[in-house]
Colleague: 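Sharing a structure below in structure tokens format, with a few things to ask.
Here is how names work: the chains are called A, B, and so on, in the same order as the sequence lines, proteins then strands, and each is numbered from 1.
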2 protein chains.
Amino acid sequence: MNFCNQCGAQVDFRVPPGDHLPRYICDSCGTIHYQNPRLIVGCVPDYQGKILLCRRAIEPRRGFWTVPAGFMENGETLQQAAARETYEEALARVEIGSLLTVAHVLHAQQVHVFFRATLQEPEFGAGIESLEAMLVDPKDIPWADIAFPSTDYTLKRYLEDRAAGRENHYFTELDRRLPR
Amino acid sequence: MNFCNQCGAQVDFRVPPGDHLPRYICDSCGTIHYQNPRLIVGCVPDYQGKILLCRRAIEPRRGFWTVPAGFMENGETLQQAAARETYEEALARVEIGSLLTVAHVLHAQQVHVFFRATLQEPEFGAGIESLEAMLVDPKDIPWADIAFPSTDYTLKRYLEDRAAGRENHYFTELDRRLPR
């Protein structure tokens with residue numbers, strides 16, 4: 001960040017009085033520009049035991065497989081965001097179920113939240129951000145070509161829980177920041 | 001938002017190609033400035049059946065009571081954020097427990113996340129954003145002077161669950177937006 005998005009003046013980066021972290025500060029209009037983690041929300045769509053995966057048409061990780069997920073928008077719930085992303089990326093309508101995983105992706109300043117979901121009909125396709133979509137049997141999941149660690153973590157917890165007949169939720173931390 | 005925080009040019013507000021919502025767009029450097037919900041994270045600190053509350057020294061809702069909570073920072077987990085806020089607002093060290101509530105605060109473009117927590121020692125005080133802190137018996141909670149609907153919802157779910165001997169988690173929507 002170089003400029004104040006309110007008044008257009010150059011910003012400084014320092015700790016404001018009474019704060020404990022450096023922030024982008026506009027000394028012209030007084031605005032402090034806080035930066036906070038963003039929410040990525042998705043789901044694991046299940047249709048009669050098969051999982052709906054999408055192959056990414058965009059970077060990062062173009063060509064790799066993931067479950068439907070994306071940035072949460074203002075004005076929607078986590079569940080609505082998960083269902084919307086599933087429609088946008090895989091042209092599939094899902095019923096969102098229980099909370100499955102929360103991954104703190106510290107290097108990306110993101111929190112990833114995934115839910116269980118049910119696909120009512122085997123209707124799906126490639127949305128504009130996907131190269132293709134497919135329903136896969138768990139034994140055929142392309143583990144070596146999964147796009148993100150949070151996707152991998154989420155699919156594994158989902159399958160373990162389903163095999164055990166439970167619906168727990170799980171937290172994890174993913175941190176690729178350089179050592180301090 | 002009036003100016004691009006990257007290059008300082010004026011921004012336009014329109015739907016980018018391939019998108020479905022209007023965004024702040026810089027036609028000078030090409031940056032699209034997405035705006036997403038922010039995470040507010042807190043906990044319900046319990047000490048031998050009593051709850052730790054803080055009275056707010058800052059707006060909004062100065063003078064009203066809440067449980068410790070605040071904006072999640074980059075580089076921390078939800079649980080770390082909840083513990084940090086408890087120390088900052090109530091000078092108390094807590095052990096964060098299970099997920100309690102998620103409130104989608106749609107008019108504020110925020111997601112509030114609360115955990116159960118345990119205060120190991122009855123040591124607390126007023127942090128710089130609090131007028132005072134107190135340990136209260138549930139029957140003495142000042143319900144008419146609770147700062148936010150998400151705090152009220154969270155305290156009620158906590159007490160119901162504790163009385164029932166369970167630790168569920170709950171989602172809710174709070175929406176004070178004007179009718180469309």
Colleague: Are the side chains of B:Leu99 and A:Leu99 in touch, meaning some heavy atoms are under 4.5 Å apart?
Modeller: yes

Colleague: Quick check on the interface: out of B:Asn2, B:Leu106, B:Thr77, B:Leu21, who has the most heavy-atom pairs with chain A under 4.5 Å?
Modeller: B:Thr77

Colleague: When clusters are formed by joining ILVMFWY residues with side-chain heavy atoms under 4.5 Å apart, either directly or through shared neighbours, do A:Leu174 and A:Ile146 land in the same one?
Modeller: no

Colleague: Name the option with the most non-hydrogen atom pairs under 4.5 Å to chain B; the candidates are A:Gln110, A:Gln79, A:Glu129, A:Glu173.
Modeller: A:Gln79

Colleague: If you count the non-hydrogen atoms of other residues, nucleotides and ligands that lie under 6.0 Å from CZ in B:Arg23, is the total more than 12?
Modeller: yes

Colleague: Quick one, A:Phe3 and B:Gln6 - any side-chain contact, counting heavy atoms below 4.5 Å?
Modeller: no

Colleague: Can you name the closest pair of heavy atoms from B:Gln35 and A:Asn74 and give their distance?
Modeller: O-ND2, 3.5 Å

Colleague: Take the angle between the ring planes of B:Tyr34 and A:Phe71 and call it parallel below 30°, perpendicular above 60°, tilted in between.
Modeller: parallel

Colleague: Please check if the number of heavy atoms outside A:Arg162 that lie under 6.0 Å from its CZ is greater than 12.
Modeller: yes

Colleague: Tell me, do B:His20 and A:Glu88 make a side-chain contact under 4.5 Å, heavy atoms counted?
Modeller: yes

Colleague: Under 4.5 Å between side-chain heavy atoms, hopping through other hydrophobics if needed: is there a path connecting A:Tyr153 to A:Val102?
Modeller: no

Colleague: Quick check on A:Glu76 against chain B: is it the side chain, the backbone, both or neither that has a heavy atom closer than 4.5 Å?
Modeller: backbone

Colleague: I'd like to check B:Leu39 versus A:Leu39 (side-chain heavy atoms, cut-off strictly below 4.5 Å). Are they in contact?
Modeller: yes

Colleague: What part of B:Glu73 is in contact with chain A, defined as an atom under 4.5 angstrom from a non-hydrogen atom: side chain, backbone, both or neither?
Modeller: both

Colleague: Please determine whether residues A:Phe64 and A:Trp143 belong to a single hydrophobic cluster, defined as Ile, Leu, Val, Met, Phe, Trp and Tyr linked transitively by side-chain heavy-atom distances below 4.5 Å.
Modeller: no

Colleague: Answer with yes or no whether the hydrophobic clustering places A:Tyr158 together with A:Leu52; edges join I, L, V, M, F, W, Y residues whose side-chain heavy atoms lie under 4.5 Å apart.
Modeller: no

Colleague: Can you say whether B:His169 sits under 4.5 Å from chain A via the side chain, the backbone, both, or neither, judging by heavy atoms?
Modeller: side chain

Colleague: Please classify the contact between A:His107 and chain B as side chain, backbone, both or neither, with a heavy-atom cut-off of under 4.5 Å.
Modeller: neither

Colleague: Evaluate the side-chain proximity of A:Tyr24 to B:Asn5: yes if any heavy-atom separation is below 4.5 Å, no if none is.
Modeller: no

Colleague: With heavy-atom distances below 4.5 Å as the criterion, would you say the side chains of A:Val111 and B:Met72 are in contact?
Modeller: yes

Colleague: With a 6.0 Å cut-off (strictly less than), is the heavy-atom count around CD of B:Gln10, excluding the residue itself, greater than 12?
Modeller: no

Colleague: Would a single hydrophobic cluster contain both A:Leu78 and B:Val41, if residues Ile, Leu, Val, Met, Phe, Trp and Tyr are joined by side-chain heavy-atom contacts under 4.5 Å?
Modeller: yes

Colleague: So which part of B:Val11 gets closer than 4.5 Å to some heavy atom of chain A, the side chain, the backbone, both or neither?
Modeller: neither

